[in-house]
Amino acid sequence: MIELTDITKAYYVKRDKSKARVVLDDISMKIDDNEFVCFIGPSGCGKTTVLNLIAGFEKPTLGKIYCNGKEITGPSPERGVVFQEYSLLPWLSAKSNVKLALEAQNIPEKEQDEMAMELLKTVRMDKYADMRPNTLSGGMKQRVAIARMLALDPEIMLMDEPFSALDADTRSMLDSEIVELWQKKHRTVVFVTHIIEEAIQIASRIVLFSDSPGKIVREWNIDIEHPRDLESPEMMQIKKEISAALTEISSGQEI
Ligand SMILES: Nc1ncnc2c1ncn2[C@@H]1O[C@H](COP(=O)(O)OP(=O)(O)OP(=O)(O)O)[C@@H](O)[C@H]1O
Ligand SMILES: [Mg+2]
């Protein structure tokens, strides 16, 4: 379980170190094991910042974050991350990128090859194991990035708009694959997106943030089986509510 208690995050203003800008204001939230939580909210509201805090890349200015009762003080293999931008090493093949994560886990070298191939198979990339990132499509690169995250065997998968640069069809295919993985492996997923349709298709809970400074304004629990029919009355209703709430935030109204 992840627990954020009274988290405030401020960054110093570069030109004037005596001033700080609050980007997250007193956020508290619990994420249970096996939840699939989507963060949604306007650009700049702090979604990536929350993810970075959970990943341990950033430290809160005030408040504490716990993972399974232990305070998060830095990154750990129990929390794997996939970013929006392709973060593969360009000079290494798909397989070598995955092997690097296995090496970091101190997996013996003679086991790395087979394990990397198994992981690439999970994301249907075993056929492209020897190709370098610049010869792969955007969707293929993100699949390799997912395989690399899975190499850590993380309990918690943190994903920051991983498919937002991809076309709608590829995105939707990868969304189903992530849901499948989540169901099969019983992991916890925290997934940032700005696409409402994506959030309602994949999430078991949607958390809506408002901006300047970021605050949680509303949540939706979606207890509907996968794959979901976005045209069903229930899904249309949730979509309408989220769109309306986002419009209100953008127009500066209180919800
Ligand atoms: N290292 C940093 N130093 C200073 N300000 C930062 C830093 N990182 C983020 N910010 C600021 O914090 C705010 C929240 O940023 P964040 O990236 O978390 O937003 P976001 O919700 O992920 O936005 P987007 O949807 O555009 O990705 C922004 O105003 C941003 O300028
Ligand atoms: Mg972001």
Side-chain angles (χ1 to χ4, degrees), residues 2 4-29 31 36-65 72-75 79-88 138 141-142 145-146 149 156-166 168 171 174-175 178 189-203 205-220 239 242-255:
I2 305 163
L4 285 80
T5 53
D6 309 318
I7 296 299
T8 292
K9 178 73 183 169
Y11 286 111
Y12 285 107
V13 176
K14 267 211 178 101
R15 271 165 288 157
D16 183 355
K17 293 276 182 220
S18 64
K19 284 192 193 134
R21 202 161 76 80
V22 178
V23 296
L24 292 173
D25 182 21
D26 200 17
I27 286 184
S28 294
M29 143 168 63
I31 299 172
F36 197 130
V37 177
C38 270
F39 292 166
I40 203 159
S43 181
C45 70
K47 305 177 294 294
T48 296
T49 307
V50 176
L51 217 69
N52 283 338
L53 288 165
I54 299 174
F57 299 146
E58 295 270 2
K59 288 198 168 60
T61 310
L62 293 172
K64 287 195 176 356
I65 309 185
I72 293 175
T73 53
R79 286 166 270 125
V81 184
V82 179
F83 298 104
Q84 174 179 9
E85 71 277 11
Y86 314 118
S87 47
L88 303 173
K141 280 187 254 199
Q142 284 310 65
I146 293 166
M149 172 190 69
I156 297 153
M157 308 202 269
L158 304 170
M159 309 184 84
D160 191 4
E161 305 209 36
F163 312 138
S164 62
L166 309 174
R171 188 176 69 233
L174 287 169
D175 281 342
I178 282 295
V189 179
V190 187
F191 190 111
V192 175
T193 179
H194 63 269
I195 304 161
I196 301 177
E197 288 80 2
E198 182 173 42
I200 61 178
Q201 182 60 261
I202 59 182
R205 175 157 59 116
I206 294 176
V207 178
L208 175 69
F209 288 78
S210 72
D211 62 351
S212 301
K215 265 191 165 130
I216 296 172
V217 284
R218 208 165 149 185
E219 296 194 11
W220 288 263
K239 187 178 165 190
I242 298 176
S243 305
L246 264 170
T247 311
E248 281 181 43
I249 290 169
S250 315
S251 61
Q253 292 172 26
E254 287 284 319
I255 293 178

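When a ligand or atom number is given, it counts from 1 through the structure's own listing order.
Judged by distance alone, with hydrogens and angles left aside, the side-chain atoms of S28 form a donor-acceptor pair with the main-chain N or O of D6 at under 3.5 Å. With hydrogens and angles disregarded, no donor-acceptor distance shorter than 3.5 Å links the side chain of K47 to the backbone of L208. Judged purely by atom type and a 3.5 angstrom limit, R79 uses its side chain to pair as donor or acceptor with the backbone of A55. T8 places no side-chain N or O within 3.5 Å of a backbone atom of T61 that could act as its donor or acceptor partner.
Each of the following atoms of ligand 1 lies closer than 4.0 Å to a heavy atom of T48: 17 (O), 18 (O), 20 (P), 22 (O), 27 (O). Counting the atoms of ligand 1 from 1 in the order shown, those under 4.0 Å from a heavy atom of V23 are 11 (C), 12 (O), 13 (C). Applying the 4.0 Å criterion to heavy atoms of E161 picks out, from ligand 1, the atoms 25 (O), 27 (O).
Closest to atom 25 (O) of ligand 1, if we only count protein heavy atoms, is K47 NZ, 2.7 Å. Among protein heavy atoms, the minimum distance from atom 26 (O) of ligand 1 is reached at S43 OG, 2.6 Å. For atom 10 (N) of ligand 1, the nearest protein heavy atom (residue, atom name, distance) is Y11 CE1, 3.5 Å.
Looking at T73, L4, T5, V50 one by one, the single match for side-chain contact (heavy atoms from CB on, under 4.5 Å) with I65 turns out to be L4.
Panel detail: the Mg ion (ligand 2) has protein N, O or S atoms under 2.8 Å away, 1 in number.
Checking G44, A10, P213 against atom 14 (C) of ligand 1, the nearest heavy atom belongs to G44.
Residue G41 places no heavy atom under 4.0 Å from ligand 1. By the 4.0 Å heavy-atom criterion, Q84 is excluded from the residues contacting ligand 1.
Contact detail for H194 and S164: the closest heavy-atom pair is CE1-CB, 3.9 Å.
Ring geometry, F209 versus F39: the interplanar angle exceeds 60°, so the pair is classed perpendicular (tilted spans 30 to 60°).
Contact annotation for R21 and ligand 1: only side-chain heavy atoms (C-beta onward) come within less than 4.0 Å of the ligand. At a 4.0 Å heavy-atom cut-off, ligand 1 touches T49 through backbone and side chain alike.
Looking at residues two or more places apart in sequence or on another chain, you find a side-chain contact (heavy atoms from CB on, under 4.5 Å) between A199 and C38, I40, T193, I206. Partners of D211 according to the side-chain hydrogen bond (donor to acceptor under 3.5 Å, both in side chains) rule, which considers only residues two or more places apart in sequence or in another chain, do not exist here.
The list of side chain to side chain donor-acceptor pair (under 3.5 Å) pairs with a residue in residues 48-58, not counting sequence neighbours, reads K9-E58, Y11-E58, T48-D160.
I202 is not listed as a side-chain neighbour of V189, based on a closest heavy-atom distance of 4.5 Å or more.
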